[in-house]
Amino acid sequence: MLYAVTALVSYLIGSIPFGVLVGQFAGIDVRRHGSGNIGATNVLRILGKKYGIAVFLADALKGLVAVRLAVWFAGADPFYRNSLGILAAVFVVIGHSFPIWLRFRGGKGVATSGGACLGLLPAPALIAGIVWIMVFFAFRYVSVASIAAIAALPLAVWVLSERGNSADYLVFGFSVFIALLVIWRHWENIVRLASGTEPRFDRK
């Protein structure tokens, strides 16, 4: 029962469309402008840094809160904490990517994945964050930075894990799943990158 409740609550937390809500507060439907995505990058392009940063932090907080709630309810057993935390992380990202309130058309899950991983895998998440910063400032593409960071996550988990520990294998499997999901959600960006039409942030 606790697993089912965790999955449902995490999905509903992830489904909160902060990008749409912030856009409505500013008098704009972000789904009708820019890329049409409800994530922080599109909000930033349409409404500016203040709104974009607010959406990024709110989306990341969804992931962090869902995971920490699950871990808190799980108690002290490492395998139980990891399994319940992973379940929460998976469903909060699914909720963000496929929110029931928006006919399952949500964001790409980068910020929410980052928050979830920070709650479950703080050290690998910080490494992925460093990768994002380095790649972004090198190439000025948010999509490239996001793909590189999420691809680095499983590698960081593997390097920092204790091989042979069943709980660590479970966490590694989760990191691979999240990486594949987020990269898949960036498929349109990958197509635009290949065709040379992906927008980039110019240096100012």
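The cationic group of Arg185 lies under 6.0 Å from the six-membered ring centre of Phe98 and within 45° of the ring axis, placing it in a cation-pi geometry.
Of the residues Cys117, Ser113, Ser10, the one that meets the side-chain contact (heavy atoms from CB on, under 4.5 Å) test with Val93 is Ser113. Among the candidates Glu188, Glu198, His186, the single residue satisfying the side-chain hydrogen bond (donor to acceptor under 3.5 Å, both in side chains) test with Ser143 is Glu198.
Not a single donor-acceptor pair under 3.5 Å links the side chain of Ser97 to the backbone N or O of Ile94. Between the side chain of Asp29 and the main chain of Val20, no donor-acceptor pair closer than 3.5 Å is present. Remark: the backbone N or O of Ala74 is not paired with any side-chain donor or acceptor of Arg81 at under 3.5 angstrom.
The shortest distance between side-chain heavy atoms of Thr6 and Phe73 does not fall below 4.5 Å. Looking only at side-chain heavy atoms (C-beta outward), Trp101 and Leu12 come within less than 4.5 Å of each other. At a threshold of 4.5 Å between non-hydrogen side-chain atoms, the residues Phe91 and Val9 do not count as touching. With a 4.5 Å cut-off on side-chain heavy atoms, Val182 and Lys108 do not count as touching. Looking at Thr41 and Val110, their side chains never come closer than 4.5 Å, going by heavy atoms from C-beta outward. Between Leu170 and Ser83, some side-chain heavy-atom pair lies under the 4.5 Å cut-off. Contact check for His96 versus Asp59: side-chain heavy atoms found under the 4.5 Å cut-off. Using a 4.5 Å cut-off on side-chain heavy atoms (C-beta onward), Leu44 and Val142 make no contact.
Summarising the geometry, atom CD1 belonging to Ile150 is positioned 7.5 Å from atom CD1 belonging to Ile183; distances are rounded to the nearest 0.5 Å. Distance check: Leu155 CG to Leu160 CG gives 9.0 Å after rounding to the nearest 0.5 Å. Note that CZ of Phe56 is 14.5 Å distant from NZ of Lys49, once rounded to the nearest 0.5 Å. With rounding to the nearest 0.5 angstrom, the CG atom of Leu69 is 10.5 Å from the CG atom of Leu84. A distance of 11.0 Å separates OG1 in Thr112 from CD1 in Ile13, rounded to the nearest 0.5 Å. Distance check: Leu87 CG to Asn82 CG gives 12.5 Å after rounding to the nearest 0.5 Å.
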- Item | Candidate pair Phe174 and Leu121, rule side-chain contact (heavy atoms from CB on, under 4.5 Å), full reasoning | CA-CA 10 Å; Phe174 156 74; Leu121 314 164; 4.0 Å; yes

- Query: How far apart are the C-alpha atoms of Phe136 and Arg140, what are their side-chain angles, what is the distance that settles it, and do they pass the side-chain contact (heavy atoms from CB on, under 4.5 Å) test?
  - Reply: CA-CA 5 Å; Phe136 174 75; Arg140 311 299 293 186; 4.1 Å; yes

- Task: Test side-chain contact (heavy atoms from CB on, under 4.5 Å) on Ile190 and Ile147 and set out the steps.
- Result: CA-CA 9 Å; Ile190 294 171; Ile147 292 169; 3.8 Å; yes

- Would Val131 and Val135 satisfy side-chain contact (heavy atoms from CB on, under 4.5 Å), going step by step from the backbone distance to the final call? CA-CA 6 Å; Val131 170; Val135 173; 4.1 Å; yes

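Taken together through direct or relayed side-chain contacts under 4.5 Å among Ile, Leu, Val, Met, Phe, Trp and Tyr, Leu181 and Ile38 form parts of separate hydrophobic clusters. Under the 4.5 Å side-chain heavy-atom criterion for grouping Ile, Leu, Val, Met, Phe, Trp and Tyr, Ile53 is not connected to Leu21 through any hydrophobic cluster. Hydrophobic cluster membership is shared by Val5 and Tyr80, with clusters built from Ile, Leu, Val, Met, Phe, Trp and Tyr side chains linked at under 4.5 angstrom. Under a hydrophobic clustering in which Ile, Leu, Val, Met, Phe, Trp and Tyr are joined whenever their side-chain heavy atoms come within less than 4.5 Å, directly or via other members, Trp187 and Val176 fall into the same cluster. Taking hydrophobic clusters as Ile, Leu, Val, Met, Phe, Trp and Tyr residues chained together by side-chain heavy-atom distances below 4.5 Å, Phe177 shares a cluster with Tyr3.
Between Asn37 and Gly106, the shortest heavy-atom distance links the atoms ND2-O, 3.7 Å. The shortest non-hydrogen separation linking Val67 to Ala88 is CA-CB, 4.1 Å. In this structure, Gly23 and Leu47 approach most closely via the heavy-atom pair CA-CD1, 4.0 Å. A pairwise comparison of heavy atoms in Gly39 and Val55 identifies C-CG1, 4.2 Å as the closest pair. Contact record, Ile100 with Ser15: N-OG, 3.9 Å, taken as the closest heavy-atom pair. Across every non-hydrogen atom of Val71 and Gly85, the tightest pair is CG2-CA, 4.1 Å.
Judged as a ring pair (Phe, Tyr, Trp, His ring centres under 6.0 Å), not a single pair has a partner in residues 8-52 (not counting sequence neighbours).
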